[in-house]
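Have a look at the structure below, then the notes.
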2 protein chains.
Amino acid sequence: MSPKPADPAVRTGLIEAAARVLAEEGPKALTTRRLAHEAGTSTMAVYTYFGSMDEVWHAVRKEGFARLVAHLDATADLTDPVAGLAAGGAAYLANGLANPHLYRAMFLERHEGPDAGNDTFQRLVDAVRRCVEAGRFRQVEPIRSLGWAVQLWTMRHGMVSLAIAELLPAEHLPLHFADMSQCLFVGYGDDPEAARRSVDLAMRDHWPAEPANAS
Amino acid sequence: MSPKPADPAVRTGLIEAAARVLAEEGPKALTTRRLAHEAGTSTMAVYTYFGSMDEVWHAVRKEGFARLVAHLDATADLTDPVAGLAAGGAAYLANGLANPHLYRAMFLERHEGPDAGNDTFQRLVDAVRRCVEAGRFRQVEPIRSLGWAVQLWTMRHGMVSLAIAELLPAEHLPLHFADMSQCLFVGYGDDPEAARRSVDLAMRDHWPAEPANAS
DNA sequence: CATTGTTACACAACATTGTTATGCAAACTG
DNA sequence: CAGTTTGCATAACAATGTTGTGTAACAATG
């Protein structure tokens with residue numbers, strides 16, 4: 001009574017192929033036929049493992065979030081929480097710039113299904129809380145420190161978005177990021193000089209040398 | 001030898017119809033046939049007045065930029081340049097939130113042709129320079145004050161983008177915007193209390209009561 | 001081991017997209 | 001008024017996502 005079992009390798013192969021085509025040739029190239037051909041199968045496989053092309057995109061985004069989280073976790077675990085915050089931002093930027101099409105699919109398009117990118121935001125909230133607990137940021141009501149996390153996400157997302165849309169030249173991005181981070185961190189804490197040093201530290205030692213490929 | 005002249009009303013009608021369909025039903029609904037039907041003509045008209053659907057999108061973006069500029073110019077001409085900067089940001093946010101699909105087409109998608117959204121950026125640069133000249137922001141080398149404009153654009157664009165993607169609830173946006181603006185302005189100048197007052201003034205009196213429709 | 005039922009998926013058909021022929025009527029030129 | 005040039009309605013075409021149709025493979029059962 002049990003039929004031919006679904007091969008999970010086919011599914012992962014489809015996702016990998018989709019991610020590869022998306023990264024190399026952009027969203028217009030990611031069609032059913034192209035995807036099937038790239039994965040060495042037929043279009044029907046797409047519809048057995050995913051119900052529709054939308055589901056394929058959903059899976060690709062999920063994969064992208066996993067890669068982003070891995071990338072963020074790979075940042076050096078600095079003892080200075082403020083420097084760690086800056087380093088995390090730098091990693092976020094590098095990841096977005098290295099995978100523009102994927103970033104666009106993850107954060108720039110509207111989808112129906114509840115897409116959890118919020119996991120990465122939670123990390124940001126935690127990182128901010130660590131700065132507060134270490135006495136580097138002012139002790140404020142939680143709603144306000146959560147607002148700081150929102151502001152930092154706004155900065156990161158805004159810079160990546162503008163750079164991806166080629167509205168900002170990517171080569172000046174590190175400078176803008178450092179200046180803006182510093183300005184915000186100074187505002188969040190009571191020791192401007194310490195904030196400055198933390199950002200300098202993060203930018204000097206932990207800015208990804210080359211755009212990290214999201215493997 | 002001169003034939004039937006092209007009616008400019010048809011062209012503007014097509015652009016208006018395109019903008020309307022885009023605003024009401026999103027980019028997926030903006031198809032050639034739908035557009036032609038909506039404008040009371042046939043698909044061929046689209047190809048006589050615009051060479052392709054891409055050109056239609058280009059025209060829609062151009063229209064969107066014109067509306068945005070008009071919207072920004074409609075902000076009260078405050079004597080306080082810092083408050084004016086904040087009010088301009090509020091207008092930018094309101095415009096983006098009121099026309100999410102249009103904003104997406106203008107700033108969130110990549111296009112080949114050189115699309116000038118830079119006119120609005122120039123206004124931002126000028127507004128920052130006015131603050132410097134009024135002594136409200138520190139006197140720094142031009143490259144650095146231009147960086148401030150980039151930072152402010154990053155903030156505005158980041159907030160609109162996150163809100164449009166429904167990653168941030170829109171109701172808290174004014175609060176985040178005010179806090180972040182204040183933080184940055186304090187960092188740019190030497191008088192924190194004055195910066196605070198300017199932002200309060202702008203938010204109290206010049207936050208658009210209801211999302212301004214980009215008419 | 002043969003049978004049988006179920007499932008993966010290759011192949012081909014269908015609706016809808018942007019775009020391109022085709023044709024015709026209108027309007028300006030002479 | 002004749003001629004020609006252009007706007008645009010109609011219909012055809014390639015490529016898209018999706019859905020039938022059929023077949024082969026696999027597991028369970030006798």
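A, B, ... follow the sequence lines: proteins, then strands. Residue 1 opens every chain.
Helical stems in DNA chain D, defined as runs of 3 or more consecutive Watson-Crick or G-U wobble pairs with both donor-acceptor distances under 3.5 Å, are listed by first residue as C:1-30 with D:1-30.
Within the structure, every pair that satisfies the side chain to side chain donor-acceptor pair (under 3.5 Å) test and touches residues 11-23 of chain A, not counting sequence neighbours, is listed here: A:Arg20-A:Glu38. Annotation: ring-ring contact (aromatic ring centres under 6.0 Å, His included) contacts involving residues 10-42 of chain A, sequence neighbours excluded, are absent. Note on residues 168-179 of chain B: pairs passing salt bridge (charged side-chain N to carboxylate O under 4.0 Å, His left out), not counting sequence neighbours, are A:Arg144-B:Asp179. The list of side chain to side chain donor-acceptor pair (under 3.5 Å) pairs with a residue in residues 46-55 of chain B, not counting sequence neighbours, is empty.
Of all non-hydrogen atoms in B:Ile164 and B:Gly96, the two that sit nearest each other are CD1-O, 4.0 Å. For B:Thr31 against B:Met53, the heavy-atom pair with the smallest separation is C-CE, 3.7 Å.
Applying a 4.0 Å cut-off to non-hydrogen atoms, the residues of residues 44-55 of chain A that approach DNA chain D are A:Met44, A:Tyr47, A:Ser52, A:Met53, listed by residue number. Contacts between residues 15-22 of chain B and DNA chain D, defined by a heavy-atom separation below 4.0 Å, involve no residue at all. Contacts between residues 32-43 of chain A and DNA chain C, defined by a heavy-atom separation under 4.0 Å, are made by A:Arg33, A:Thr41, A:Ser42.
In terms of the side chain to side chain contact (heavy atoms under 4.5 Å, CB included) criterion, residue partners of A:Ala165 (sequence neighbours excluded) are, by chain and number, A:Leu167. When the side chain to side chain contact (heavy atoms under 4.5 Å, CB included) test is applied to B:Ala23, no partner is found at least two apart in sequence or on another chain. For A:Ser198, the side chain to side chain donor-acceptor pair (under 3.5 Å) criterion is met by A:Asp80, A:Arg136, not counting sequence neighbours. Applying the side chain to side chain donor-acceptor pair (under 3.5 Å) test to A:Arg129 and every residue at least two apart in sequence or in another chain returns A:Asp126, A:Glu133.
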>> For A:Phe177 and A:Tyr92: C-alpha separation, side-chain torsions, deciding distance, then whether ring-ring contact (aromatic ring centres under 6.0 Å, His included) applies.
In response: CA-CA 11 Å; A:Phe177 174 74; A:Tyr92 186 96; 9.6 Å; no
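Separating the CZ atom in A:Arg130 from the CZ atom in A:Phe137 is a distance of 11.5 Å, to the nearest 0.5 Å.
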